[in-house]
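Hydrogens, waters and symmetry mates are skipped; everything else that's a heavy atom, side chains included, is used.
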Amino acid sequence: MPYKDLREFMALLEKKGLLTRVKAEVDPAWEINGVTRKLQLAGGPTVLFEKVKGHKVPVICGVIATPRHLALALDMDTEDERQITEEWVKRIDHPIPPRLVKTGPCKENVLTGDKADLNAVFPPIIWHKGDGGPFIGTLGLQVTRDPETGCQNTGIYRMGVKTKNETGLLITPFQHGGQHVVKWGRMHPGKPMPVAVAIGTEPCYLLAAGAKFHHPPAEDAYVGALRKEPLELVKCETCDLEVPATSEIILEGEVYPDELKPDGPFGEYTGFLGAAQNFNVFHLKAITHRNNHIFQGTREGAPKGKGWVESGLIWIKGEEYHLYKELKKVNGVVDVCIPMWCSGYHAIVSLRTMKQGHPFQIMQKVWADDTVGTIIRHIIVVDEGVDVRNPQEVEWAVANLVQGDRDIIVIPRCPDEVLDSSLPYSKRYLGAKVGIDATMPVYDYHAEGTEPPPQCDDPDMVARVETQWQKYGIKL
Ligand SMILES: Cc1cc2nc3c(=O)[nH]c(=O)nc-3n(C[C@H](O)[C@H](O)[C@H](O)COP(=O)(O)O)c2cc1C
Ligand SMILES: [Mn+2]
């Protein structure tokens with residue numbers, strides 16, 4: 001890998017003209033929100049706010065702003081999303097265990113007791129007007145340990161700051177980290193579970209934290225797979241969790257499974273400003289950080305248009321990689337997309353249909369998946385040849401091939417995630433799944449003794465025009 005930590009990756013982005021420094025002072029109460037929102041709509045670049053009003057720590061946003069950034073994080077030179085998906089899936093077939101080292105840059109400063117104060121590392125950023133307060137994790141990467149198997153997990157669960165040493169933590173049972181909380185509560189009632197939070201890591205760790213994997217091994221070993229070299233970890237000061245040695249900031253703390261407090265409102269990744277709901281609480285015990293540490297965050301929110309989709313690239317594409325890997329094992333599946341602008345709620349699968357009912361079987365496999373099956377509510381299955389990454393083609397298939405009474409399946413009362421705005425707050429966690437079979441009803445045509453109408457484009461004609469294109473003198 002051409003970089004070993006966030007700083008080296010930032011230098012690489014800067015060299016490629018993909019990172020901008022803002023030298024003017026910005027107010028964390030509204031200005032980081034305003035500037036990152038504009039960059040979100042315009043599609044980049046990564047931005048380093050060097051001077052944040054009232055604080056010494058610079059803030060970096062948009063490290064994974066575009067597919068190009070994501071490719072660079074994987075040391076690839078492409079913007080082709082399918083190529084990135086395929087490379088990811090190939091690499092994670094070969095996990096490489098992490099290497100535990102004695103110490104690392106993240107231990108340059110150790111703050112315990114009274115000194116463990118969030119104000120030391122975090123400028124109080126209000127990411128959206130209407131948020132209930134500053135949120136330190138948008139990009140806090142939470143490390144927990146499965147109390148049954150001992151395997152670590154890393155996920156990204158947001159943290160709203162309540163006091164200098166207490167934050168909320170949106171860690172629900174549909175995520176691995178939340179499952180650890182549930183197990184811990186059953187195995188050690190009344191006792192707190194250790195949680196560590198890494199902020200500002202090299203980007204493969206960030207991507208792995210947002211993505212879905214089967215465990216064991218831990219995300220740590222999948223980071224090794226993505227980097228093709230072992231990730232270096234150090235032990236925490238106050239617990240046995242292991243965190244990336246080159247992280248800018250580490251927060252160490254604990255969570256009581258039964259302790260819930262109102263958290264929010266917050267401008268959710270769905271694009272809606274969600275009301276406060278009861279979530280877990282993180283109690284800070286220690287902070288370690290590098291010298292001249294940098295704070296990393298992101299402005300969540302639905303990408304409108306074709307702009308920045310940082311949180312979508314980090315976790316929605318991570319869901320896609322998992323689903324792609326699982327579905328490619330199924331006979332007939334050609335391609336899979338989870339569009340970044342649909343909150344992870346839609347999946348589109350293209351299929352070479354092998355039998356009657358095949359599209360519905362694919363849908364059931366998706367919903368039965370223990371990791372992505374909760375968040376994906378809507379599945380559209382299209383024929384091979386329809387580009388799942390092109391919304392225009394998908395919409396064409398739905399418009400032309402769907403009969404509402406034949407091709408739509410609805411399954412009520414399935415596990416659903418807590419930020420689903422289609423449900424009022426009291427009804428969340430259980431929702432309906434909808435499957436749309438937008439493939440050509442080949443078997444219905446055959447049953448009446450006819451063939452489905454072919455598409456108008458004759459492949460021979462297309463190829464002939466292609467080979468002699470020069471002749472027409474048209475510049476495209
Ligand atoms: C910026 C950002 C914020 C996120 N916030 C949350 C959150 O608050 N709660 C949550 O359950 N998932 C959140 N996610 C999604 C999870 O991190 C993601 O689904 C990940 O796969 C969870 O890890 P796990 O599969 O190991 O549980 C967020 C992702 C990103 C990129
Ligand atoms: Mn996990």
Shortest non-hydrogen contact from [X] to [Y]?
| X | Y | value |
| --- | --- | --- |
| K235 | K107 | O-NZ, 2.7 Å |
| C151 | A218 | SG-N, 3.5 Å |
| L206 | Q296 | CD2-NE2, 3.7 Å |
| S350 | V386 | CB-O, 4.0 Å |
| G344 | I338 | CA-CG2, 4.0 Å |
| T112 | A286 | CG2-CB, 3.9 Å |

With the side chain counted from C-beta on, respond yes when [X] and [Y] share a heavy-atom pair under 4.5 Å apart, and no when they do not.
| X | Y | answer |
| --- | --- | --- |
| I294 | L48 | yes |
| V255 | T144 | no |
| I64 | T298 | no |
| P123 | V59 | yes |
| H289 | L111 | yes |
| T374 | Q175 | no |
| V234 | C106 | yes |
| R158 | Q142 | no |

Assess the side chains of [X] and [Y]: does a donor N or O sit below 3.5 Å from an acceptor N or O?
| X | Y | value |
| --- | --- | --- |
| N153 | H180 | no |
| T85 | E320 | yes |
| H293 | N109 | no |
| E219 | Y205 | no |

| field | Validation row, ring centre W315 to ring centre Y269 under 6.0 Å | value |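 Distance test on ring centres: under 6.0 Å, yes.
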Point-to-point distance, once rounded to the nearest 0.5 Å, from [atom1] of [X] to [atom2] of [Y]:
| X | Y | atom1 | atom2 | result |
| --- | --- | --- | --- | --- |
| L70 | I84 | CG | CD1 | 5.0 Å |
| L18 | L12 | CG | CG | 8.5 Å |
| I136 | I199 | CD1 | CD1 | 4.5 Å |

| query | What salt bridge (Lys or Arg N to Asp or Glu O under 4.0 Å) pairs are there with at least one residue in residues 20-29, not counting sequence neighbours? | reply | E14-R21, R21-E50, K23-E50, D27-K53
| field | All pairs passing salt bridge (Lys or Arg N to Asp or Glu O under 4.0 Å) where residues 195-208 contributes a residue, at least two apart | value | E202-R227
| query | Is any NZ, NE, NH1 or NH2 atom of the basic residue among R290 and D5 found under 4.0 Å from an Asp or Glu carboxylate oxygen of the other? | reply |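 Result for this pair is yes, salt bridge flagged.
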My understanding is that only residues two or more places apart in sequence, or in another chain, count here; which of them pass ring pair (Phe, Tyr, Trp, His ring centres under 6.0 Å) with [X]?
| X | result |
| --- | --- |
| W469 | Y472 |
| F122 | F295 |
| F279 | none |
| F135 | F266 |

Over 12 non-hydrogen atoms of neighbours within 6.0 angstrom of [atom1] in [X]:
| X | atom1 | answer |
| --- | --- | --- |
| K51 | NZ | no |
| F174 | CZ | yes |
| D77 | CG | no |
| K228 | NZ | no |
| Q455 | CD | no |

| message | What verdict does the side-chain contact (heavy atoms from CB on, under 4.5 Å) test give for N119 and K164, after you've listed the backbone C-alpha separation in whole Å, the side-chain angles of each residue and the deciding distance to 0.1 Å? | response | CA-CA 6 Å; N119 294 306; K164 67 172 209 162; 4.1 Å; yes
Which residues pass the salt bridge (charged side-chain N to carboxylate O under 4.0 Å, His left out) test with [X], sequence neighbours left out?
| X | answer |
| --- | --- |
| D457 | none |
| E87 | K90, R91 |
| E86 | R82 |
| D383 | none |

| said: Under the criterion salt bridge (charged side-chain N to carboxylate O under 4.0 Å, His left out), I'd like the reasoning laid out for E81 against K317: C-alpha separation, chi angles, the key distance, then a yes or no. | reply: CA-CA 9 Å; E81 286 178 32; K317 284 295 124 184; 3.6 Å; yes
Counting only N and O atoms by type, is there a donor-acceptor contact under 3.5 Å from the side chain of [X] to the main-chain atoms of [Y]?
| X | Y | result |
| --- | --- | --- |
| T288 | V110 | no |
| R352 | V334 | no |
| Y222 | A208 | no |
| E166 | K162 | no |
| K56 | A120 | no |
| E393 | D387 | yes |
| E232 | V101 | no |
| Q152 | E242 | yes |
| T163 | N165 | yes |
| K285 | P194 | no |

| With Q40, the side chain to side chain donor-acceptor pair (under 3.5 Å) member among R299, E300, E310 | R299
| Qualifying residue for side chain to side chain donor-acceptor pair (under 3.5 Å) with T371, from K212, H322, H176 |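 Running side chain to side chain donor-acceptor pair (under 3.5 Å) over K212, H322, H176 with T371 returns exactly one hit, H322.
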| request: For salt bridge (charged side-chain N to carboxylate O under 4.0 Å, His left out), just list the numbers for D80 and R68, CA-CA rounded to whole Å, side-chain angles, deciding distance to a tenth of an Å, and then say yes or no. | output: CA-CA 9 Å; D80 180 330; R68 174 130 177 80; over 6 Å; no
| said: Using the side chain to side chain contact (heavy atoms under 4.5 Å, CB included) criterion, which residues pair with A209? Sequence neighbours excluded. | reply: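 A209: side chain to side chain contact (heavy atoms under 4.5 Å, CB included) contacts with L141, T154, I156.
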| field | Contact list for residues 23-68, test ring pair (Phe, Tyr, Trp, His ring centres under 6.0 Å), sequence neighbours left out | value | none
